[in-house]
J.: 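Attaching a single structure in structure tokens format; questions to follow.
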Amino acid sequence: MRPKPHLVRVISMTVVTRFAPSPTGFLHIGGARTALFNWLFTRHHGGKFLLRIEDTDRARSTDEAIAAILDGLSWLGLQWDGDVVYQFSRAARHAEVAHEMLRQGQAYRCYASPAELDAMREAQRAAHQPIRYDGRWRDRDPSEAPAGVAPVIRLRAPREGRTEIVDRVQGAVGVDNAQLDDMVLLRADGTPTYMLAVVVDDHDMGVTHVIRGDDHLNNAFRQLQIVRAMGWAEPVYAHIPLIHGADGAKLSKRHGALGVDAYRDMGLLPEALRNYLLRLGWGHGDDEIIPTAKAIEWFDLDGVGRSAARFDIAKLTNLNAHYLRETQDAELLPQVLPMLEKNLGAPLADDARARVAAGLAGVKARSRTLVELASSLAFYATAAVAPVDDKARALLTPEARTLLGGLATALDGKRTDWTEASLDAAVRAFAEAAGTKLGQVAQPLRVALTGSTVSPGIFEVLAILGPDLSLARLRAASG
RNA sequence: GUCCCCAUCGUCUAGUGGCCUAGGACACCAGCCUUUCACGUUGGGAACACGGGUUCGAACCCCGUUGGGGACGCCA
């Protein structure tokens, strides 16, 4: 591991970053993290976080994907500044720059056909040669141009020397220019390639810091050549490591990556996801729980690691449980109620809503996701319950049923004093009178009331359910 | 194949030459708490890929090996 170069931060410079996804699919977890780092960096430095949709590939870009990306970012709470820039709308400006480079001799026309280039690459592959454009039109006289062939415009890249960048994450990295070929800037149809469009847009948008996945590290050299050819200011680059799947390979749309909407559907909280994503590749000492406000305060590129991280849903879930417990009931309720109604297939009556609201705190402490929360809350909303599994069923032995029958009778007398405290006392007294331990009564009682062996404190459940529902369930279980 | 990057417990990481018989978190196991579960809490197993240097001293610096990843398009 090489030491990171010490860099002087220019305080007076206003930080401008951008997140530049291509709308060819949903916003996946890797893109979400890239967006998060950009957002955090700008919020920390008080700059601007811009959003640019890289839709120059007309065949693969879709409106659905654009909507999914915008939705995903919004849900994650990563608000961009200003209007969304659609790269395709700037095609004329890209072409203008390409022609400017042509005039300056920084670029040239290439008339090689795609088939010809394919053959060239095939030959290179077969000969175990590096695969790159051989510059066949670099110094050829334009008069040799074949008739009727629309040329592309290629960069006249330097062939000697090295191109080096001082990356804020990766450190000093360089390649020999001999390794870089003359890339296409403008296609035969006059549309810009990604390499050109990115550089022109970043320049025009005033982007000062390019923070993106390190799968773009190689691109940075080529983009820098365009920047230098135009004599523009060089942005600061920061290439963050990729997120890998459990198998260690790059997470991508066709390889295990889920859209952020999938995490929302799993009942995860945006804040938890932000915290988790932040810790993937970034650290601040031993801190694990890092709410967004702290993240903004602490985040900087220096803390970004250089190795890829694997996605671990277990840790994410654990973090989610933490944030779920911290979320106020009033905030959770409107999110959980619709889920509950959807699960139950019917709207909730007022009394059911009231019970859910009252029982929320107790169930929340035992849930890790909103989905778990909604499903564990169901017994408060339904009219009757049945044992959910064998373990629960097994607790309703004949002896236990007899006990529950007796308990129903005993508790019937408490209808006018139906509080957690008096219920607690009554059940304990009943257990003692029956010559058994509390647990022997409490567990069957729990199953009778909730259908499950797992629930909040049984007296709390009794109190919230109220005498009618509680006694009805007790009698149903005993009979 | 060529180029670039990476390498500490199963996973995420702390660690920037002595504070390291390597710390934290998740997961796992055991105990405590308790009406269940969860929380909480106590404890446990678990890592510096390998080989050479440099140095009084190396997880940290250098070189190599191995392993992993990424990029090599008129995709982005």
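Reminder, nothing fancy here: chain letters follow the sequence lines and each chain counts from 1. Just so you know, these numbers come straight off a predicted model, no measurement behind them.
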J.: Which of residues 284-291 of chain A have a heavy atom under 4.0 Å from RNA chain B?
T.: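 Here the set is A:Gly285, A:Asp286, A:Glu288.
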J.: Give the rounded distance in Å between these two atoms: CD of A:Gln179 and C1' of B:rC4.
T.: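 A:Gln179 atom CD is separated from B:rC4 atom C1' by 10 Å.
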J.: Using the C1' atom as the point on both nucleotides, what is the distance between B:rC72 and B:rG51, in whole Å?
T.: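 To the nearest whole Å, 32 Å.
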J.: If we take the C1' atom in both B:rA46 and B:rG10, what is their distance in whole Å?
T.: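 Those two atoms are separated by 8 Å.
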J.: Compute the ring centroids of A:Trp282 and A:Phe299, then answer whether they are less than 6.0 Å apart.
T.: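 Yes: the rings meet the under 6.0 Å criterion.
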J.: Counting only side-chain heavy atoms from C-beta out, which of B:rC74, B:rU11, B:rC6 sits nearest to A:Asp312?
T.: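 Nearest listed nucleotide: B:rU11.
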J.: Please tell me which of the listed nucleotides, B:rC74, B:rU35, B:rA76, lies nearest to the side chain of A:Thr56?
T.: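 Ranking B:rC74, B:rU35, B:rA76 by closest atom to the A:Thr56 side chain puts B:rA76 first.
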J.: Just name whichever nucleotide pairs with B:rG43, Watson-Crick or G-U, keeping both distances under 3.5 Å, else none.
T.: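 Partner of B:rG43: B:rC29.
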J.: Are the charged groups of A:Arg306 and A:Asp214 less than 4.0 angstrom apart, N to O?
T.: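 Result for this pair is no, no salt bridge flagged.
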J.: Mind checking the P distance from B:rU8 to B:rU2? Whole angstroms is fine.
T.: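 My reading of the P atoms in B:rU8 and B:rU2 gives 26 Å.
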J.: Taking distance alone, no hydrogens or angles, what donor-acceptor pairs closer than 3.5 Å link side-chain atoms of residues 110-120 of chain A to residues at least two apart or in another chain?
T.:
unit_1, atom_1, unit_2, atom_2, d
A:Ser113, OG, A:Glu116, N, 3.1
A:Glu116, OE1, A:Ser113, N, 3.3
A:Glu116, OE2, A:Arg136, NH1, 2.8

J.: Is there any protein nitrogen or oxygen under 3.5 Å from a nitrogen or oxygen in nucleotides 31-33 of chain B, and what are the pairs?
T.:
none

J.: Measure from the side-chain heavy atoms of A:Ala314 and tell me the nearest of B:rC12, B:rA76, B:rA27.
T.: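 The answer is B:rA27, which lies nearest to the side chain.
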J.: May I ask you to check whether A:Tyr237 and A:Phe221 place their ring centres under 6.0 Å from each other?
T.: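 No, they do not, as the ring centres are separated by 6.0 Å or more.
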J.: Check every atom of B:rA38, B:rC3, B:rC6 against the side chain of A:Val175 and return the nucleotide holding the closest atom.
T.: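 For A:Val175, the side-chain atoms sit closest to B:rC3.
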J.: Using nucleotides 39-44 of chain B, report all nitrogen or oxygen pairs with the protein that are shorter than 3.5 Å.
T.:
none

J.: When the P atoms of B:rA49 and B:rG68 are considered, how many whole Å apart are they?
T.: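 These two P atoms come out 16 Å apart once rounded.
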J.: Of all the nucleotides listed (B:rA25, B:rC74, B:rC5), which has the minimum atom distance to the side chain of A:Pro114?
T.: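 When the side chain of A:Pro114 is considered, B:rC74 is the closest of B:rA25, B:rC74, B:rC5.
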J.: Can you pull out the residues from residues 458-466 of chain A that lie within a 4.0 Å heavy-atom distance of RNA chain B?
T.: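 RNA chain B contact set from residues 458-466 of chain A: A:Ile458, A:Phe459.
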J.: For a quick check, tell me whether the side chain of A:Arg446 and the base of B:rU35 share a donor-acceptor pair closer than 3.5 Å.
T.: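 Check passes, donor-acceptor contact within cut-off.
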J.: Applying the Watson-Crick and G-U wobble criteria at under 3.5 Å, what pairs with B:rG1? Answer none if nothing qualifies.
T.: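 Pair assignment: B:rG1 / B:rC72.
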J.: For the side chain of A:Ser307, starting at C-beta, report the closest nucleotide among B:rU36, B:rC75, B:rC6.
T.: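 Between B:rU36, B:rC75, B:rC6, the one nearest the side chain of A:Ser307 would be B:rC6.
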J.: Between A:Lys294 and A:Asp287 (salt bridge meaning N to carboxylate O under 4.0 Å), is one present in this structure?
T.: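 No salt bridge links A:Lys294 with A:Asp287.
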J.: Nearest 0.5 Å please: distance from the CD1 atom of A:Ile289 over to the NE2 atom of A:His322.
T.: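 It comes to 4.0 Å.
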J.: So which protein N/O to nucleotides 68-71 of chain B N/O distances come out below 3.5 Å?
T.:
unit_1, atom_1, unit_2, atom_2, d
B:rG69, O2', A:His244, NE2, 3.2
B:rG70, OP1, A:Lys250, N, 3.3
B:rG70, N2, A:Asn218, ND2, 3.3
B:rA71, OP1, A:Lys250, NZ, 3.0
B:rA71, O4', A:Asn218, ND2, 3.3

